[in-house]
Amino acid sequence: MSQPSIFWWQKFGTLAQMAQATVALLGFVAVLFQINEIRSNNRAASARQVFLNYTDLAFKNPKFSQPDYEAIKAGSRDEQVQYESFVSYLLYACEEATAAFADKREWQASCDYDLKSHLPFLCEKYQAEPAYLETYGADTQQWVKMSMKAASVTPPDCKLGKT
């Protein structure tokens, strides 16, 4: 007696079993996409919250958001530390926002605008303590250095140039 002819798909199961496996695989891929989307949305929400907190801090401390850096340097040690913390928070908020919204140029433009008045401080800080900028990510370090260069803020005087 001869063997009945077996189709290729019969070696792997019935059509229903293959369809079920395909649907399960598609479901798994959909779950992976969902997890990635949730992660992205959480990062965006977190970045918005950090930037909102920075904006609130700037509103409550106009002397730091648009600083007279010479007056701050001549002021008390406490005021200098507060200003340094303010600038650190700005850098952190911008680092979070630009990472979460890399495809949205307006976040970078906002950070560029806010950073400019702090460049003399960052120049002096970087000159005195090069390790300070290393506490931020490579993109933030590059951004600060490029901003200083673009604004002609260079040691030893670290003054804003004409831009």
Side-chain angles (χ1 to χ4, degrees), residues 24-163:
L25 182 61
L26 290 174
F28 180 71
V29 170
V31 167
L32 291 178
F33 279 120
Q34 231 177 354
I35 289 170
N36 190 45
E37 189 65 24
I38 289 169
R39 184 180 310 138
S40 177
N41 288 343
N42 283 344
R43 182 160 197 183
S46 176
R48 281 187 181 95
Q49 187 62 45
V50 168
F51 203 84
L52 183 62
N53 289 343
Y54 158 72
T55 304
D56 185 53
L57 188 63
F59 177 76
K60 291 176 181 174
N61 295 281
K63 66 182 178 184
F64 296 148
S65 62
Q66 290 297 314
D68 176 352
Y69 183 53
E70 294 302 319
I72 291 171
K73 283 195 309 187
S76 71
R77 176 78 180 128
D78 287 349
E79 187 176 45
Q80 292 170 19
V81 169
Q82 286 176 321
Y83 177 66
E84 182 175 333
S85 294
F86 180 89
V87 174
S88 292
Y89 201 95
L90 164 65
L91 294 178
Y92 173 69
C94 287
E95 188 170 65
E96 288 296 306
T98 56
F101 306 108
D103 58 334
K104 299 195 187 235
R105 179 74 184 112
E106 62 270 17
W107 286 94
Q108 184 65 53
S110 179
C111 288
D112 289 341
Y113 182 83
D114 286 354
L115 181 69
K116 188 171 183 180
S117 60
H118 304 289
L119 293 174
F121 162 75
L122 289 165
C123 176
E124 286 184 13
K125 187 71 172 174
Y126 181 65
Q127 185 180 7
E129 299 174 49
Y132 174 77
L133 276 183
E134 292 174 13
T135 63
Y136 299 96
D139 290 341
T140 300
Q141 293 175 43
Q142 187 68 20
W143 169 57
V144 169
K145 290 174 186 176
M146 287 176 54
S147 296
M148 285 191 289
K149 184 177 180 180
S152 300
V153 177
T154 57
D157 64 343
C158 291
K159 303 279 187 219
L160 276 172
K162 300 228 189 263
T163 56

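Of all the heavy atoms in A97 and F51, the pair that sits closest is CB-CD1, 4.3 Å. In terms of heavy-atom proximity, L119 sits nearest to M148 at CD2-CG, 3.7 Å. E134 and Q141 get closest at one heavy-atom pair: CA-NE2, 3.6 Å. The two residues Y132 and L122 come nearest to each other via the heavy atoms CE2-CD2, 3.8 Å. Across every non-hydrogen atom of V153 and C123, the tightest pair is CG1-CB, 3.5 Å. Considering all non-hydrogen atoms of both residues, E95 and G137 come closest at OE2-N, 2.6 Å.
Taking SG of C94 as the reference point, atom OH of Y54 lies at 6.5 Å (rounded to 0.5 Å).
Residues E124 and Y69 bring a donor and an acceptor atom of their side chains to less than 3.5 Å of each other. With 3.5 Å as the limit, one finds a donor-acceptor pair spanning the side chains of Y136 and S88.
Within 6.0 Å of CG in D139 there are 12 or fewer heavy atoms belonging to other residues, nucleotides or ligands. K145 NZ: more than 12 foreign heavy atoms inside a 6.0 Å radius. Heavy atoms of other residues, nucleotides or ligands lying less than 6.0 angstrom from NZ of K104 number 12 at most.
Annotation: side chain of S65 is in contact with side chain of F86 (closest heavy-atom distance under 4.5 Å).
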Stepwise side chain to side chain contact (heavy atoms under 4.5 Å, CB included) test for L115 and L91: CA-CA 8 Å; L115 181 69; L91 294 178; 3.8 Å; yes
Side chain to side chain contact (heavy atoms under 4.5 Å, CB included) between E106 and F101, worked out: CA-CA 9 Å; E106 62 270 17; F101 306 108; over 6 Å; no
Pair H118-Y83, ring pair (Phe, Tyr, Trp, His ring centres under 6.0 Å): steps then yes or no: CA-CA 10 Å; H118 304 289; Y83 177 66; 5.6 Å; yes
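The backbone N or O of W107 sits nowhere less than 3.5 Å from a side-chain atom of S110 that would complete a donor-acceptor pair.
For the pair K116 and D112, the salt-bridge criterion is not met [side-chain N within less than 4.0 Å of a carboxylate O].
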